[in-house]
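Small disclaimer: the values here were computed from a predicted structure and weren't measured.
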Amino acid sequence: MPFPLLAKKRAGVDVYQTLAGHTEDALIVLSRYLREHRPAVQRLVDEQNLPFTDFCQILFFALFLHDIGKATREFQERLVKEELSRELSHTFFSLPLVETDLPPEYNLLVRILVLTHHTQPFNHLYSSFELLPRVNYLTEQIKDYLQNYRDLYNRYFKDIFPLSARPVFRPPAWITGAGSRDKLQEEVARLQQGVELWGNAARTKALYCFAITLLKYCDSQSSRAFHRARLAGGTVCGSLLGNGVNAQDRSSGPYHLEPAFDRLALNRPPFAAVKDKATGTSAGGGFLLLLAPPGSGRLTLALARATSLGRERCREKLVWICPGQIASGFTRRRLARFFGAEQVALVHAASYYGNDPHSWGLPPETSRFNGTAINSRESIFACPVTVATLDHLVFSLVHGLRQADYILGNLMQAVVVIDGLPEPASPAFPYALDALALLRKMKVPHLILDTVMAPALKKYLEGAGYVVDDHVSGHNGPLFELIRCRDKQPELIREYYRLGFRQVVHAPSARKARQIARQLKSALPGCPVFLYHSLFTHEDRERLEREIMSLGEKPGPWLLITGGDIDPAGPPPCDVVHTGSAGPTILLRHSYPLWRTDTDPTRLESRNSDSPGPGVLVLHSSSSRNEPESHSFNPTLTQPLSVTPGYLEAILEEEYSRNKHIPTNLEEIFRACTLFGYSPREVRYAASPLVNLWPRRERLIDVIPAELWQEELLAIPAAMGERKMKVPAEWYSRHPQLFSILDSLREKIILCHLAYDQERGLELPENG
């Protein structure tokens, strides 16, 4: 009797799992998932005009065949020796064996799913793989393996969907020849040509991304069960999950499955109080524009609308998109109060450092780590609730991130909240609008959350299919006072401090914020001065965010100095906000701490009765005669101006009219990336990337202050992530002497040799 086909080996020990056992475990995970999440799966595929039965058959055969390329003499021998590499890619060598009698379109999708279940499908990858010239397929054992499909179906899926197809063993004659590598490249080319004949790119990409995300999940859960099981040396095991699972039993057997797809996030018990706040506004086609005043009730109202939308569209996750490259820790903390901290992930935009091959989308040299890494749950949005950035929304559509298709597959299962659009003058603004258009085509339910919006932009979105739920524009009372001040910021801040006011100072940069904080601490001894900007490690930002959120409970006086990429919803309610000359959108968001609402955001109040005085937005500017005075939010004021929602709408309208929405190339790149197409390197990391979401001067990279680096961090990804911070990518090119590179199995680590202080953040380079 031949030795059984193997699929898994534990590093350094003689513990194996058979191909049949690993596959059965993956199918068990799929069976459990379909039982627990059937309404969500059925609704999603129905929206793409694909019968649930057909989708289940595609998934079943893709999982059944996903590792069939391991059935070669070379793979089996190298697995035992732990000498696997990309030249023996089992996904490539699976292709001649992956065939079913499903309809041609479905069969093509099965083949693509098998080919891409470990790699992002882009042209450069599949044209550059250095495969072995040929391999020796274990034909008789493959035939025996394929005969098991009906038994597995009967055990785990018979009551879920009817099976009307079967795997077909029809290997081409060339698999026994020396030129099989070239033939495999031709097979991939035929798959690409077949995809181009499908037509509807949005539907094709939606179905593929959802399917590949489920396939990846089932495969990784099966692998985890093997790597975590207590098995003695010399063991060759079969299925580990099959003992306690059958068609009528939802248990997962003796081994815990990683909760990468948790129970319905939007139906969790702590969320029950939120749904009662909903006023019955329907999102119609699944798209909502919600305009609500900032304050304690805004998040609750947004979650109420998201819950309603999620229940209506059978979505199970929540993804909260922040407008910058740094995700909001403040929002994460507030969401954690509803869902629990363990359910809410925060993931910042990927680094723009382009010299790491993993960031280009290339797979590791071996598959040894498959199913064992747990630090990707956040980055692929597998958590029930994820706070992320505009980069994730845009680049998941166009292969701009290493695992873009997995991210998009999870986005499709979520209600997406876009927490404010970028200012119209930013290149990110048209990309955001075009990304939303693609979400609508893919039928991903989402809501745009803002406060006041330009009437023309609101009309544009309403015409695009958004239901408008506006709780601000009907209010005509004053919100705060606006005054103009030239060259007197320090004096005015000190005067307001002596009056006992709570103040937030928005500096134009981290450097300026540090200068202001130093001056004020010297001029106001004993004054509680808090400094917060983008150049802190993620760990220290989290600590500072806790302190800042507690300021809202303190009467004052206190000072919060911010600079860099700051979340506008972060600063707590205060009495005075100081800011500089900027566009109306930025200045509007800086005014958020001045707005006063009760716990019901549908009722906008002018002031709280216990406030020490009128809320004041101070617009500081220099006395330079060259300073632009082009917009009406930057007037010369001799008297305070009472700002109303109508006034805000007028200045936002002026800003929007000067920056008309010109469509970007996003949809063109989206079509090219269905399903193959461009690589992350071409889309995002090239010197002239295909998608210019952020100007070069605004792009950020991840670094770790050198004085905080420890070798032990390599084994603790979460701890290493806490030590990271984001700095301008231009620093790396302009000051290379300040940086050094460390190689690790997962990524290249950039160490920054500038001094770091927990209270002040990173020292800035000269001329930085």
Side-chain angles (χ1 to χ4, degrees), residues 322-333 345-356 359 375 378-379 387-392 507-514 517 530-548 561-567 570 694 696-714 716-742 744 746-766 768:
C322 304
Q325 297 174 69
I326 300 178
S328 170
F330 297 105
T331 297
R332 182 210 190 161
R333 289 183 176 281
L346 182 141
V347 53
H348 301 294
S351 172
Y352 268 93
Y353 176 71
N355 293 327
D356 181 359
S359 68
N375 60 326
E378 293 81 7
S379 63
V387 180
T389 71
L390 187 61
D391 285 63
H392 296 97
S509 66
R511 183 189 299 276
K512 186 64 175 176
R514 290 168 61 112
F530 298 87
L531 176 64
Y532 181 81
H533 53 71
S534 59
L535 298 180
F536 284 99
T537 65
H538 298 322
E539 181 179 31
D540 286 334
R541 284 176 66 92
E542 188 173 332
R543 171 182 55 82
L544 289 167
E545 286 158 2
R546 285 197 302 269
E547 296 177 3
I548 290 170
I561 319 298
T562 75
D565 194 348
I566 176 75
D567 173 16
W694 306 108
R696 179 172 294 276
R697 66 181 181 279
E698 295 181 20
R699 297 173 191 165
L700 304 176
I701 61 172
D702 294 311
V703 304
I704 296 177
E707 62 195 74
L708 301 181
W709 173 251
Q710 297 171 309
E711 290 292 332
E712 304 85 74
L713 294 174
L714 288 170
I716 317 172
M720 184 164 62
E722 290 177 348
R723 303 283 178 94
K724 288 183 178 180
M725 63 166 53
K726 290 194 174 291
V727 303
E730 278 192 333
W731 288 9
Y732 182 79
S733 57
R734 292 170 59 185
H735 307 281
Q737 73 279 7
L738 299 177
F739 300 90
S740 58
I741 307 297
L742 294 177
S744 75
R746 287 286 172 187
E747 61 181 322
K748 288 184 182 293
I749 299 162
I750 308 176
L751 300 183
C752 179
H753 296 273
L754 290 167
Y756 181 78
D757 183 272
Q758 281 191 321
E759 301 302 320
R760 298 189 302 271
L762 192 72
E763 293 285 349
L764 282 79
E766 294 183 10

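In this structure the side chain of K726 never reaches within 4.5 angstrom of the side chain of S534, judged on heavy atoms. Within the 4.5 Å cutoff, the side chain of L751 has no heavy atoms near those of the V703 side chain. Taking the side chain as every heavy atom from C-beta outward, L535 and R514 never approach each other to under 4.5 Å. Between E542 and R333 the shortest side-chain heavy-atom distance falls below 4.5 Å. The side-chain heavy atoms of I749 and L714, taken from C-beta on, include a pair separated by under 4.5 Å.
Taking each heavy atom of P705 and M725 in turn, the nearest pair found is CG-CE, 4.0 Å. Across every non-hydrogen atom of G570 and I548, the tightest pair is O-CG2, 4.1 Å. For S328 against L346, the heavy-atom pair with the smallest separation is O-CD1, 3.4 Å. Listed here is the closest heavy atom pair of Y756 and L762: CD1-N, 3.6 Å. Nearest heavy atom pair, residue F739 against residue W731, reads CE1-O, 3.5 Å.
Judged by distance alone, with hydrogens and angles left aside, the side-chain atoms of H348 form a donor-acceptor pair with the main-chain N or O of A327 at under 3.5 Å. Checking side-chain atoms of R511 against main-chain N and O of P765 turns up a donor-acceptor pair under 3.5 Å. Judged by distance alone, with hydrogens and angles left aside, the side-chain atoms of Q758 form no donor-acceptor pair with the main-chain N or O of D540 at under 3.5 Å.
The aromatic ring centroids of Y532 and F330 lie less than 6.0 Å from each other.
Atom OG of S359 is separated from atom CG of D702 by 10.5 Å, given to the nearest 0.5 angstrom. Separation of atoms CZ (R699) and CZ (R696) is listed at 5.0 Å; rounding is to 0.5 Å.
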